[in-house]
Colleague: 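I am attaching a structure below and will ask some questions about it afterwards.
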Protein chains: 2
Amino acid sequence: MKLSNGVEWALHSCVTLSQSREPVQATRLAELHGIPRAYLAKHLQALSRAGIVHATAGQVGGYALTRPAASVTMLEVVQAIDGIEPAYRCTEIRQRGPLAVPAEQCERPCAIARAMAAAQEAWYRALTAVSIADLAAAIDIDSDGTAMADVRRWLAESRRSLPG
Amino acid sequence: MKLSNGVEWALHSCVTLSQSREPVQATRLAELHGIPRAYLAKHLQALSRAGIVHATAGQVGGYALTRPAASVTMLEVVQAIDGIEPAYRCTEIRQRGPLAVPAEQCERPCAIARAMAAAQEAWYRALTAVSIADLAAAIDIDSDGTAMADVRRWLAESRRSLPG
DNA sequence: GGTTCCCGGATATTTCTTGTCCGCGTTGTG
DNA sequence: CACAACGCGGACAAGAAATATCCGGGAACC
């Protein structure tokens, strides 16, 4: 079980976006995190499609959160990047082989699939409990209250320096 | 996030093995579940390496659970097949870019990694709560108490018919 | 001791993720 | 109001991982 690499970038990008009400360009986000710009853009597109961020075109365009960071959960971001299909996909092997169960008796998922679904649900709950705002606050605390201010400063500075 | 296909086969195979104290050949398990024999064998090897099943060679060889089914958790099987590394791998992008955090301040995982680890832990807990015996019992109930008896009958019959 | 059968690791093929590029629409400017 | 520049959006290759498979080593029965 492996989670896409872009999930990490998307979460960090959302935390960064939560510190700016003005749109932030994909180039800035990529530079700030030291990651490939083109590939990050692809993931930001997924966030846009999911309605988490709003993309504005043009010279002063960029990405911005559509909702307050406190109302955006980690699960939303993860699912926007990684998709909504559950990790375990039952291929209904109980309906195959010499002891195949008739299809009419297979309306409910099999016991294994149910247990897996319950585990996935627990995973969902844990990710739903944490918002982007929570992450930003936790990161700020980890850095003794300097990280988010630094981000805001850097965003303002880069916006002043490059397009001017 | 995608879980390997072999996890499903391994879990079903373990449930089947829980119904037989004698070793069951990989060929039988593959036939019973309608899946490729060679590939299933590879996954059974993983279970063997993890100590969940014991493989005996020879004409009457095969696989058997090493412990009572009630003491084998789903998590053990899943991790034996899929590996133990967590789904989310933090690449420490906070240490990159113009606002890189010094490494000395990164002893603890970042807030995002911590939240992801908590979610994974919840997933682990849910899978630890279910044993192979629980699955066998649930599958039996789903079939009105006939499934496991059918499996035992089929195993005994196939063992009588083929090697005889 | 020969033979048969089964498990185990090394080997191709396919699928998917990662990474990249160029076209379209939008916005500021002359 | 036309122009030009910039950034977003979907289509296109490269690499990695999982899927599927084969043959060799070893054990049990005859």
Side-chain angles (χ1 to χ4, degrees), chain A residues 1-10 13 17 22-31 33-64 66 80-83 85 87-89 91 93 158-159 162-164, chain B residues 1-10 13 17 22-31 33-64 66 80-83 85 87-89 91 93 158-159 162-164:
Chain A
M1 189 173 62
K2 195 169 68 71
L3 209 50
S4 167
N5 195 347
V7 169
E8 182 179 9
W9 304 349
S13 294
L17 290 180
E22 303 172 21
V24 180
Q25 298 91 331
T27 304
R28 301 280 175 285
L29 291 171
E31 183 188 356
H33 298 127
I35 54 184
R37 174 203 159 280
Y39 195 28
L40 174 63
K42 186 175 172 60
H43 291 308
L44 290 173
Q45 288 167 25
L47 292 180
S48 175
R49 249 177 276 133
I52 296 173
V53 302
H54 177 66
T56 57
Q59 262 180 333
V60 295
Y63 291 96
T66 57
I81 302 297
D82 204 64
E85 54 187 306
Y88 181 83
R89 297 150 301 146
T91 62
I93 68 179
S158 69
R159 183 162 279 281
L162 207 83
Chain B
M1 189 173 62
K2 194 170 68 73
L3 208 49
S4 167
N5 196 345
V7 169
E8 182 179 9
W9 304 349
S13 296
L17 290 180
E22 302 172 22
V24 180
Q25 297 90 330
T27 304
R28 300 281 175 285
L29 292 170
E31 183 188 357
H33 298 125
I35 55 183
R37 175 203 157 282
Y39 194 27
L40 174 63
K42 185 174 175 60
H43 290 309
L44 290 173
Q45 289 167 25
L47 292 180
S48 175
R49 247 177 278 132
I52 295 173
V53 303
H54 176 66
T56 57
Q59 260 181 334
V60 295
Y63 292 96
T66 57
I81 302 298
D82 205 64
E85 53 187 309
Y88 181 83
R89 297 150 300 148
T91 62
I93 68 178
S158 69
R159 182 162 280 281
L162 206 82

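Quick note on labels: first sequence line is chain A, next is B, and so on, each numbered from 1.
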Colleague: Between B/Arg49 and C/dG9, does any side-chain N or O lie under 4.0 Å from OP1 or OP2?
Modeller: yes
Colleague: In this structure, how many angstroms lie between the C1' atom of D/dC22 and the NZ atom of B/Lys42, rounded?
Modeller: 12 Å
Colleague: Among the candidates D/dG9, C/dT26, D/dT19, find the nucleotide nearest to the side-chain atoms of A/Tyr63.
Modeller: D/dG9
Colleague: Considering all heavy atoms of both residues, which atom of A/Leu40 and which atom of A/Ser13 are nearest to each other, and what is their separation?
Modeller: CD1-OG, 3.8 Å
Colleague: Quick check: do B/Tyr63 and B/Val24 have side-chain heavy atoms less than 4.5 Å from each other?
Modeller: no
Colleague: Classify B/Gly6 by what it touches in the nucleic acid, base, sugar-phosphate, or nothing, heavy-atom distance under 4.0 Å.
Modeller: nothing
Colleague: Taking only the side-chain nitrogens and oxygens of B/Tyr39, find out if one of them lies under 4.0 Å from OP1 or OP2 of D/dT21.
Modeller: no
Colleague: Taking only side-chain nitrogens and oxygens of B/Thr56, does any of them come within less than 4.0 Å of OP1 or OP2 of C/dC6?
Modeller: no
Colleague: Starting at atom CG of B/Asn5, determine the distance to atom P of C/dT14, rounded to an integer number of angstrom.
Modeller: 18 Å
Colleague: Phosphate oxygens OP1/OP2 of D/dG7: is one of them under 4.0 Å from a side-chain N or O of A/Gln59?
Modeller: no
Colleague: For B/Ser48 and B/His54, indicate whether the former's side chain and the latter's backbone hold a donor-acceptor pair under 3.5 Å.
Modeller: no
Colleague: Measure from CZ on A/Arg28 to P on D/dG7 and round the result to the nearest Å.
Modeller: 7 Å
Colleague: Whether the side chain of A/Gln25 and the base of D/dG7 hold a donor-acceptor pair under 3.5 Å is what I'd like checked.
Modeller: no
Colleague: Quick one: B/Glu22 CD to C/dC6 P, roughly how many Å, whole number?
Modeller: 15 Å
Colleague: Check whether any side-chain nitrogen or oxygen of B/Ser48 sits under 4.0 Å from OP1 or OP2 of C/dC7, and answer yes or no.
Modeller: no
Colleague: Measure the distance from CG on B/Leu3 to P on C/dT15 and round it to the nearest whole Å.
Modeller: 20 Å
Colleague: Please tell me which of the listed nucleotides, C/dT20, D/dC8, D/dA20, lies nearest to the side chain of A/Ala38?
Modeller: C/dT20
Colleague: How do A/Ser4 and A/Gly58 order along DNA chain C: which one's closest nucleotide is nearer the 5' end?
Modeller: A/Ser4
Colleague: Between P on D/dG9 and CG on A/Leu44, what's the gap in Å once rounded to a whole number?
Modeller: 9 Å
Colleague: Tell me the interatomic distance from A/Ile35, atom CD1, to C/dG19, atom P, rounded to whole angstroms.
Modeller: 10 Å
Colleague: Between B/Leu47 and B/Ala10, which heavy-atom pair has the shortest distance, and what is it?
Modeller: CD1-CB, 4.1 Å
Colleague: Please give, in whole Å, the distance from C/dG9 C1' to B/His43 NE2?
Modeller: 15 Å
Colleague: Nearest to the B/Gln45 side chain among D/dC8, C/dG9, C/dT18, which nucleotide is it?
Modeller: C/dG9
Colleague: Do B/Leu29 and B/Leu17 pass the side chain to side chain contact (heavy atoms under 4.5 Å, CB included) test, and can you show the C-alpha distance, the side-chain angles, and the key distance before you say yes or no?
Modeller: CA-CA 9 Å; B/Leu29 292 170; B/Leu17 290 180; 4.3 Å; yes
